[in-house]
Structure formats: structure tokens, C-alpha cells
Amino acid sequence: MSHIAIRVDASQAIGTGHISRMHVLASMLQGSGHQVTLVCRDLPGNLIAVSHEQGLTVAVLPAPKNSLSNTDWLGVSQRQDAEETTAYVANQPVDLMVVDHYALDARWEQSIHIQLCCPVMVVDDLANRPHDCAFCSIKILGLISPRATHHGL
């Protein structure tokens, strides 16, 4: 059984689309025998309770000290987010990290890959930022690219 961590958020500013599609993925992976941990920041309007109700394990990252703006959907630096994410899932090895978040890019992905020693899969429906990942699902193009290093289209 492999352990798959999924870094995704929902909030009043971000919306719920990312977490909704990651709920589907997490449920499918669990149904196939994988252990799945959602990693979500405690933001206003999050769906952490809904994730628990669906039987999903959630590692809850602390709320940011300042309120989010429409341009700052993470609330902390990418470096801090990667360090906190690593700390919250480090109790057991992670075999794959999936990330679906507009505020995270190649810097976060490289840090996670180095700290957790696992491949990173990116789900990106904007294709507007660089990625450094093993797999990249670009929703607008409908493709999954193995060993992707995506630097925009």
C-alpha cells in the first residue's frame, strides 16, 4: 500500500473546485487500497470538515497570521508552506505528492521533492506558472505529461 499526500486548499477567496476534484481523486485512490492524506491550510471557508465526513484523512496546516487577499491564496511563503507540509506528513514515507494549488509552483515542488524524496504530480488548469514535477496534468490541454518541467505555454 502506498501513501499519497495531496496538497490542496479551499476557502472563501479560493473557492471549492480544487478540493472537490481532489476529493474524487482521494476517494478513488483509497478505493484502490492506497493511504491518502489531504494537506490543507486552515483558511476561512475551508472544507476540512467535509473531507473528514467523506472518510478522508486531513493534515491541517495552521491558519496564516494575516487574512488572505484575492492575490495571496496561500497566506504564507512557498518555502514555509513546503516546510509545514513536510512536517505534517513526515510521520511516514510519502510515495507521491499531488498538488492542486494556484499559489504553488516549481519552487515548492522542488522543495517537496528534496525534503520528502518522492515524485510530485501537479494538477494545473491555468498553465501560467513554472512547474518542476514528475507528472503534470494540465486540465485545459487534457494531457498528463511524464517527467514534466513546464515553464509556461
Rounding to 0.5 Å, atoms CG (L74) and CG (D9) come to a distance of 7.0 Å
Sequence neighbours excluded, which residues qualify as side chain to side chain contact (heavy atoms under 4.5 Å, CB included) partners of S77? R79, Q80
Does anything in residues 87-99 form a salt bridge (Lys or Arg N to Asp or Glu O under 4.0 Å)? List the pairs, not counting sequence neighbours. none
Share the residues that join V24 in a hydrophobic cluster, the rule being Ile, Leu, Val, Met, Phe, Trp or Tyr side chains under 4.5 Å apart at the heavy-atom level. M28
Sequence neighbours excluded, which residues qualify as side-chain hydrogen bond (donor to acceptor under 3.5 Å, both in side chains) partners of Q115? T86, S111
My understanding is that only residues two or more places apart in sequence, or in another chain, count here; which of them pass side chain to side chain contact (heavy atoms under 4.5 Å, CB included) with P62? R41, E84, Y88
Do the side chain of R7 and the main chain of V39 share a donor and acceptor less than 3.5 angstrom apart? yes
For Q30, give me all partners under side-chain hydrogen bond (donor to acceptor under 3.5 Å, both in side chains), at least two apart in sequence or on another chain. none
Checking H101 side chain against A103 main chain: does a donor-acceptor pair fall under 3.5 Å? yes
What's in the same ILVMFWY side-chain cluster as M1, cut-off under 4.5 Å, chained through other members? none
Stepwise side-chain contact (heavy atoms from CB on, under 4.5 Å) check, L38 with H23: CA-CA 9 Å; L38 295 180; H23 278 170; 3.8 Å; yes
Student check: side-chain heavy atoms of W108 and V99 closer than 4.5 Å: yes
Return yes if a side-chain donor-acceptor contact under 3.5 Å exists between H131 and D105, otherwise no. no
Gap between atom OG of S51 and atom CG of N46 - 0.5 Å precision: 8.0 Å
Ion pair D124/R129, N-O distance below 4.0 Å: yes
Heavy-atom side-chain proximity of L43 to P64 below 4.5 angstrom: yes
Those residues at least two apart in sequence (or on a different chain) that pass side-chain hydrogen bond (donor to acceptor under 3.5 Å, both in side chains) with H52 are none
Heavy-atom closest contact (A63 atom, D42 atom, distance): CB-O, 3.1 Å
Spacing of R21 atom CZ and D100 atom CG [to the nearest 0.5 Å]: 4.0 Å
I'd like to check T85 versus L61 (side-chain heavy atoms, cut-off strictly below 4.5 Å). Are they in contact? yes
Out of curiosity, L25 CG to I6 CD1, how far, rounded to the nearest 0.5 Å? 4.5 Å
C118 SG to I4 CD1 distance, which is reported to the nearest 0.5 Å: 10.0 Å
Please examine the side chains of I19 and C40, heavy atoms only from C-beta on, and report whether any two atoms are closer than 4.5 Å. yes
Among residues at least two apart in sequence or on other chains, which ones pass ring pair (Phe, Tyr, Trp, His ring centres under 6.0 Å) with H18? Y102
Under the side-chain hydrogen bond (donor to acceptor under 3.5 Å, both in side chains) test, residues paired with Q92 that sit two or more places apart: H3, Q35
Distance (rounded to the nearest 0.5 Å) between H113 NE2 and D132 CG: 8.0 Å
According to salt bridge (Lys or Arg N to Asp or Glu O under 4.0 Å), does anything in residues 108-121 pair up with another residue at least two apart or in another chain? List the pairs. none
Taking it one step at a time, do V123 and M22 satisfy side-chain contact (heavy atoms from CB on, under 4.5 Å)? CA-CA 10 Å; V123 178; M22 291 301 106; 4.0 Å; yes
Got a sec, which pairs hit salt bridge (Lys or Arg N to Asp or Glu O under 4.0 Å) with one end in residues 27-36, sequence neighbours left out? none
Non-hydrogen side-chain atoms of L29 and S27 separated by less than 4.5 Å: no
